[in-house]
Amino acid sequence: MPNQHVPAPRHGELMLVATPIGNLSDLSPRACETLAGADLIACEDTRTTRTLLAAHGIATRTVALHAHNERAASDKLLEALLAGSRIALVSDAGTPAVSDPGALLVAAAHAAGVRVSTVPGPNAAIAAYAASGFLADRFLFAGFLPAAAAARRKVLAELDAGCPLILYEAPHRVLAAVEDLIAAYGTEREIVFARELTKKFEEVSRMRLADGPAWLAAHAHRQQGEFVLVLGPRPPVAPQEDTESERVLGILLAELPVSAAARAAARITGASKNALYARALALAEKSDEA
Ligand code: SAM
């Protein structure tokens, strides 16, 4: 009997490839290899991706997968994956499927048993969080807030998880978003504006929320470009057990502004000034609400 060679069936693969968020040099060598070696690249805007591919001499065919055709395009791409195609998925910038189209196709690939792999790289949220310097064991990424003011405030009221909060925001809404953050969390929280990351006019600035509106208004360009907002964690509240310093603080708060009351209470009781300040803020907020 002749020794017949039967080729093994080719398995499809969906490869999530992160692309630059501004600086074209941030496309990794492995991302280049993956894009060049794929059968097809599914992209949000084929023109944007072709510009990137041309800059790296990559000629792979592209197809569109964007917010308006996501379901139909995902169905077609899944057929190709099941037929053995190796498909790279990219968005216009950063990591696909993170506040960008793609999750539908990824979920369909999992459900159909197609291998899903990643070529990680740029992501605006993670870059901004790392550059914020907020010390925390966890953070909350909430993507874009709703555009309508009432819905935005409702979401903010629900989001205060006590850890840093990362938000994407459109430049024309950034001032309104900061005002809503002040309304929801007070003026004393810290915020980091991470603007135009990896680009020529990159700015990362950390300040109290109270100073945010003035910072944004200080230069015409400050409300242009791309923004990530990172809100700092809730300040720690001093332990309740220290009843003596709590009692002294309560008396002083009735007569003095928050920072003066905290300073004086620290001198009288020997407790930590920072802890008393945080506690005084919490008490003042509580009495404002009452
Ligand atoms: N998938 C992308 C990622 O991995 O970061 C995010 C896409 S989302 C549609 C676009 C938003 O990301 C922008 O509105 C902005 O909030 C943020 N963003 C993207 N590039 C940025 C950059 N270079 N600097 C600051 N924020 C950026």
Side-chain angles (χ1 to χ4, degrees), residues 14-28 30-31 34-35 41-49 51-52 55 64-70 74 88-107 116-134 139-147 152 155-156 159 164-178 180-181 191-207 212 215-216 219 221-231:
L14 178 64
M15 303 165 292
L16 273 66
V17 181
T19 59
I21 55 170
N23 188 323
L24 288 192
S25 304
D26 288 340
L27 191 71
S28 74
R30 194 160 83 86
T34 307
L35 293 172
I41 302 174
C43 38
E44 204 179 347
D45 182 333
T46 50
R47 286 162 306 178
T48 305
T49 300
T51 306
L52 177 72
L65 173 120
H66 46 64
H68 307 292
N69 76 347
E70 194 168 0
S74 298
L89 172 67
V90 301
S91 62
D92 282 353
T95 300
V98 177
S99 297
D100 265 340
L104 238 140
L105 177 60
V106 176
V116 175
S117 63
T118 64
V119 182
N123 168 255
I126 294 297
Y129 175 62
S132 75
F134 291 130
F139 59 79
L140 181 63
F141 170 63
F144 289 100
L145 292 173
R152 211 164 53 224
V155 168
L156 283 177
L159 277 182
L165 172 66
I166 308 175
L167 299 169
Y168 286 157
E169 196 47 273
H172 63 278
R173 272 201 296 266
V174 73
L175 179 59
V178 170
D180 288 342
L181 286 169
I191 186 168
V192 166
F193 293 98
R195 208 185 135 260
E196 294 289 86
L197 292 172
T198 77
K199 302 186 202 176
K200 188 171 174 191
F201 297 108
E202 175 174 284
E203 271 184 298
V204 182
S205 290
R206 180 166 157 167
M207 65 201 68
W215 184 85
L216 286 168
H219 295 287
H221 67 258
R222 283 262 169 84
Q223 284 170 69
Q224 291 162 7
E226 295 191 282
F227 276 92
V228 182
L229 306 180
V230 188
L231 185 75

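Ligands are counted one by one from 1 in listed order, and the atoms in each one are counted from 1 as well.
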Can you find an N/O atom of Gly22 closer than 3.5 Å to an N/O atom of ligand 1? no

Report the relative orientation of the aromatic rings in Tyr168 and Phe141; use parallel for angles under 30°, tilted for 30 to 60°, perpendicular for over 60°. perpendicular

Proximal atoms of ligand 1 relative to Lys199 (non-hydrogen, under 4.0 Å): 23 (N)

Give the residue and atom name of whichever protein heavy atom lies nearest to atom 18 (N) of ligand 1, and the separation in Å to one decimal. Ala124 CB, 3.5 Å

Evaluate Arg195 for polar contact with ligand 1, using N/O atom pairs at a separation under 3.5 Å. no

I'd like to know if the side chain of Arg195 and the backbone of Gln224 have a donor-acceptor N/O pair within less than 3.5 Å. yes

Considering only protein heavy atoms, which is closest to atom 16 (O) of ligand 1, and at what distance to one decimal place? Phe227 O, 2.5 Å

To check your reading of the model: name the closest protein heavy atom to atom 24 (N) of ligand 1, its residue, and the distance in Å. Leu197 N, 2.8 Å

Can you tell which of Val204, Leu231, Leu229 makes a side-chain contact (heavy atoms from CB on, under 4.5 Å) with Val192? Val204

If you have a sec, work out which protein heavy atom is nearest atom 20 (N) of ligand 1 and how many Å separate them, to one decimal? Glu226 OE1, 3.3 Å

How about Thr95 and Pro120: do any of their side-chain heavy atoms sit closer than 4.5 Å? no

Given side chains that start at C-beta, do those of His68 and Pro101 come closer than 4.5 Å, heavy atoms only? no

To the nearest 0.5 Å, tell me how far Leu89 CG sits from Leu35 CG. 10.5 Å

Contacting atoms of ligand 1, where contact means under 4.0 angstrom from a heavy atom of Ala194: 25 (C)

Any nitrogen or oxygen of Pro96 lying under 3.5 Å from a nitrogen or oxygen in ligand 1? Just yes or no. no

Can you list the ligand 1 atoms lying under 4.0 Å from a non-hydrogen atom of Asn123? 3 (C), 4 (O), 5 (O)

Could you tell me whether the side chain of Glu203 reaches within less than 4.5 Å of the side chain of Phe193, counting heavy atoms only? no

Near Glu169 (heavy-atom distance under 4.0 Å), the atoms of ligand 1 are 16 (O)

I want to check something: taking the side chain as every heavy atom from C-beta on, are Asp180 and Leu145 in contact at a cut-off of under 4.5 Å? no

Among all protein heavy atoms, pick out the one at the shortest distance from atom 17 (C) of ligand 1; state its residue, atom name and that distance to 0.1 Å. Tyr168 CD2, 3.7 Å

Please list, in number order, the atoms of ligand 1 under 4.0 Å from a heavy atom of Ser99. 7 (C), 8 (S), 9 (C)

Below 4.5 Å, heavy atoms only, C-beta onward: do Leu52 and Val90 meet side chain to side chain? no

Taking the side chain as everything from C-beta on, heavy atoms only, tell me whether Met207 gets closer than 4.5 Å to Ile191. yes

Does a side-chain heavy-atom distance below 4.5 Å link Thr198 with Pro20? no

Any N/O of Val98 closer than 3.5 Å to an N/O of ligand 1? yes

Answer side chain, backbone, both or neither: which part of Ala93 comes under 4.0 Å from ligand 1, heavy atoms only. backbone

Would Val228 count as a contact of ligand 1 if the rule is a heavy atom under 4.0 Å away? yes

For Phe144, the ligand 1 atoms whose distance to one of its heavy atoms is below 4.0 Å: 8 (S), 9 (C), 10 (C), 11 (C), 14 (O)

Ligand 1 and Asp100, any nitrogen or oxygen pair closer than 3.5 angstrom? yes

Any heavy-atom pair between the side chains of Met15 and Ser117 that's under 4.5 Å? yes

Interfacing atoms of ligand 1 (cut-off 4.0 Å, heavy-atom, Gly94): 3 (C), 4 (O)

